[in-house]
Amino acid sequence: MLSYTFQKGERLKSRKVIGALFKEGKSFGQYPLRLVYLSVKERRSEFPAQFTVSVPKKKFSKAVARNRIRRQIREAWRLNKHRLYKVLEGEERQMALLVIYVAKEALPYPEIERAMRQMISRLTKKR
RNA sequence: GCUGCGGGCUGCUCUAUCGCGGCCAUGGCCGUUAGCGCCAUGGGUGAGGAAAGUCCGGACAACGUAGCGCACCACGCCACCUAACGGGUGGGCUGUGACCGUCAGCGUCAUGGACAGAAAGUGCCACAGAAAACUAGACUUCCUGCCGGGAGGGCUCGCCCUUCUCCGCUACGGCCUUCGGCACGUAGCUUCGGUGGGUAAAGGUGAAAACGUGCGGGGCUAUGCCCUUAAUGUAAGAGCGCACGCCAGGCCGUAGCAAUACGGCCCGGGGGUAAACCUCGUGGGUUGAAAUGUCACAUACACCACGAUUCCGAUCCCUUAAGCUGAGCCAUGCUCACUUCAGGGUGGGAGGCGGGUUGCUCGCCUGCUUGGAAACAGUCGUGGGGGGUAGGCAGAUAGACCCUGACGGUGACGUCAGGGCUAGAUAAAUGAUAGAGGCCCGGGGCUGGGCGUAAGCCCAUCGUCAGGGAACAAAAUCCGGCUUACAGGCCCGCAGCAAUU
RNA sequence: CGGGGUGUAGCGCAGCCCGGUUAGCGCGCGUCGUUCGGGACGACGAGGCCGGAGGUUCGAAUCCUCUCACCCCGA
């Protein structure tokens, strides 16, 4: 049985790690998303990856729109993260992931989910 | 009934699956208890009328506190509501519009008013205009004396009287879109100018022209006399006087808590602008949850204060004292012994018991070695300072709270009674998928009606099938207002149109 | 959460404080001249209702209120 939950330990909350992500993380774009990732030495929880979302305020000035996009991206991650977990299992290190929404308009959910699946498969191949 | 405008209320509902943040209960990780954390299960709960903009006012907190003033900022008819307000309610005054009404006036309704002061002072009022503001003085097609000129009349040919000193025309130039026109300028023509005094009425301009109207030279012993410019006569004698009216000020009376209204008396002021400076009155201590308190982690270090301690050594004292590197590992250095020509190599620099800890540690005994204290200075500890790490908890969600009813009040609102608990996140919780119902849109198909031979065209209440749409927008310490955005639905008021009675 | 600033011609800016003519300057643009041609240069010209709405005033880019957009600062 696959786990479709999104628990506390899976959320990236450390200001330090997020700062390091922007400073030395690798990234690639998968329209309308962009992924920034980095391997972290010490594990902060028992999960193989921690995940967070960012929606720029410059493109979506209304908080309602930002909230909706963030929730949709998180939903797509929740339903597809097991593909990445399977690969990362058994590794000591932890993966920090940051997804940025780069499109100028709010796109429907199916497009976001498709981009999320392709993004995960690309990340899997790179490792 | 439809349309438009304004105001108030509301701000789609349900089901299934997978998920999220708080709260409560149970269980597991979990071991002696408790706490924290994570997970699972169950229960219950989870954005707004504006959560928004951050335009005001408070609560709360820190700092300051002996009180006051200046500066600065905000507000400004009156009363009330309120914790408070620049918010609200009611009233007054005033502008605009509509209606009743014979005009004026009065009244009713709707709507707007930064609605204290322009008689405290300063500034400004472009262009145009004589003048744009203390005292009022220059100008003109105004009045008049003198000199000069023209016309007419009288006549003693010396003079005297009356009247005019304007209207206009032409040429050239300038401006405007042609014809053509002009508050335009210059020169000339027709018989017409110069100069002195006075200044009441009037002066095409302008947003605004000295409050409006009427009468009047001043004084006196008053049908006359006197005086001033200025002189025989004549004229003007004044931005002055009086009366009434309008507005403003002071006092009094009546109604009203008051603003104010009405009436009377007195005073003797009159352009606008205070969203120009300003004056008066009232209010504001400053900074703001990134406030503040507390716990944990981490406290390297320039520096300061206090305490303890000790290398050399003047001095003082005399065995109840001090020491035996480092918690551990590795490396280097120190000291002792042995060895080597030297570089170097080997070995030693303590042992035991007890308390206690993740760890640093403390006390006692044995063994070995050594004399100790003392200003400055060094070291250690504590506090401050400064730097760094940046988390947990409190603040922080039961409150100027919500609902219902009664009572008081024109109303905003208040009082009482009963009931209810209604988000508390912190890289930040409400989502995704599928389906159903209701609402709206436009009119495609069916359907109904009308016209037409027909093709077809037009109209549409209801029904039905397929389709599309559902706004503005999300807490971040809390609360009361204001402003702004908003699809659809319901209710109320006003206006217009149509139909019926 | 709090504070400050800017919107004026295609672009970059003045003018605003202290209201008054036809809102100026540079670059750019158009036409003409110059040149064999281009550039440079010279002459002439077009292009604005001052972010939006309302108000004060005789009169508003300027003063006041509300609002929209953008930029900057504060741990």
Side-chain angles (χ1 to χ4, degrees):
Chain A
M1 182 61 193
L2 291 170
S3 157
Y4 288 114
T5 60
F6 187 54
Q7 293 173 353
K8 241 182 191 167
E10 301 177 72
R11 303 185 183 194
L12 181 55
K13 299 167 88 168
S14 166
R15 206 176 271 257
K16 237 182 181 174
V17 175
I18 293 168
L21 261 180
F22 280 109
K23 211 169 173 184
E24 44 197 83
K26 302 177 186 174
S27 70
F28 63 89
Q30 175 69 49
Y31 187 84
L33 306 175
R34 177 165 195 89
L35 177 71
V36 183
Y37 63 97
L38 183 71
S39 282
V40 186
K41 222 177 210 174
E42 65 267 21
R43 300 189 69 151
R44 291 176 171 265
S45 63
E46 69 269 25
F47 294 96
Q50 287 187 323
F51 173 82
T52 192
V53 187
S54 173
V55 182
K57 201 174 193 175
K58 275 205 174 174
K59 288 171 185 163
F60 302 93
S61 57
K62 307 288 187 186
V64 171
R66 287 198 304 273
N67 279 345
R68 180 170 174 84
I69 291 167
R70 188 172 63 233
R71 285 166 179 160
Q72 285 177 339
I73 293 173
R74 207 172 52 205
E75 179 76 9
W77 169 256
R78 183 176 71 78
L79 295 177
N80 296 285
K81 61 176 182 177
H82 58 274
R83 303 161 193 270
L84 181 66
Y85 279 15
K86 225 186 275 177
V87 179
L88 292 180
E89 242 165 54
E91 294 207 16
E92 275 301 313
R93 301 159 76 81
Q94 194 171 32
M95 202 86 166
L97 301 167
L98 169 70
V99 169
I100 304 173
Y101 192 79
V102 294
K104 283 185 182 148
E105 297 139 13
L107 295 171
Y109 175 75
E111 293 217 23
I112 293 174
E113 185 165 15
R114 205 179 57 234
M116 177 63 75
R117 291 188 184 186
Q118 291 183 8
M119 205 175 67
I120 288 176
S121 66
R122 281 177 65 179
L123 181 64
T124 312
K125 280 176 196 166
K126 284 202 175 195
R127 286 200 51 85

Legend entry - Minimum side-chain heavy-atom gap A:M116-A:I73 below 4.5 Å: yes
Legend entry - Euclidean distance, atom NE2 of residue A:H82 to atom P of B:rC18 [Å, nearest integer]: 16 Å
Inset, instruction - Could you let me know what B:rC446 is paired to, Watson-Crick or G-U wobble, both distances under 3.5 Å, or none if it's on its own? - result: B:rG463
Inset, instruction - Please determine, for B:rG4, whether a Watson-Crick or G-U wobble partner exists with both distances under 3.5 Å, and give it or none. - result: B:rC494
Legend entry - Set of salt bridge (charged side-chain N to carboxylate O under 4.0 Å, His left out) partners for A:R117, sequence neighbours left out: A:E113
Legend entry - From A:R70 atom CZ to A:T52 atom OG1, the distance as rounded to the nearest 0.5 Å: 8.5 Å
Legend entry - Anti/syn call for B:rG452, syn if |chi| within 90°: anti
Inset, instruction - Tell which nucleotide pairs with B:rC306, taking only Watson-Crick or G-U wobble pairs whose two distances are both under 3.5 angstrom. - result: B:rG381
Legend entry - Partner nucleotide of B:rG387 by Watson-Crick or wobble geometry (both distances under 3.5 Å): none
Legend entry - Distance between C1' atoms of B:rG438 and B:rG411 (Å, rounded): 41 Å
Inset, instruction - Just need the stems in RNA chain C: three or more back-to-back Watson-Crick or G-U pairs, each with both distances under 3.5 angstrom, sorted by first number. - result: C:1-7 with C:68-74, C:10-13 with C:24-27, C:29-33 with C:41-45, C:51-55 with C:63-67
Inset, instruction - Return the orientation label for the A:F51 and A:W77 ring planes: parallel under 30°, perpendicular over 60°, tilted otherwise. - result: parallel
Inset, instruction - Please work out whether B:rG19 sits syn or anti, treating a glycosidic angle within 90° of 0 as syn. - result: anti
Inset, instruction - Would you mind pulling out the nucleotide paired to B:rA261, Watson-Crick or G-U wobble, both distances under 3.5 Å? - result: B:rU254
Inset, instruction - Let me have a per-nucleotide readout for nucleotides 428-434 of chain B, 5' to 3', with B, S or -, counting only protein heavy atoms under 4.0 Å. - result: SSSBSS-
Inset, instruction - Assign B:rG91 to syn or anti; the rule is syn for a glycosidic angle within 90° of 0 and anti otherwise. - result: anti
Legend entry - G-U wobble or Watson-Crick pairing nucleotide for B:rC215 (cut-off 3.5 Å, both distances): B:rG241
Inset, instruction - Just label B:rA47 as syn or anti from its O4'-C1'-N9-C4 or O4'-C1'-N1-C2 angle, using within 90° of 0 for syn. - result: syn
Legend entry - Reported CD-to-CD1 distance for the pair A:Q118 and A:I120, which is rounded to 0.5 angstrom: 11.0 Å
Legend entry - Chi-angle category of B:rU464 [syn within 90° of 0, anti beyond]: anti
Inset, instruction - Give the rounded distance in Å between these two atoms: NZ of A:K81 and C1' of B:rG19. - result: 10 Å
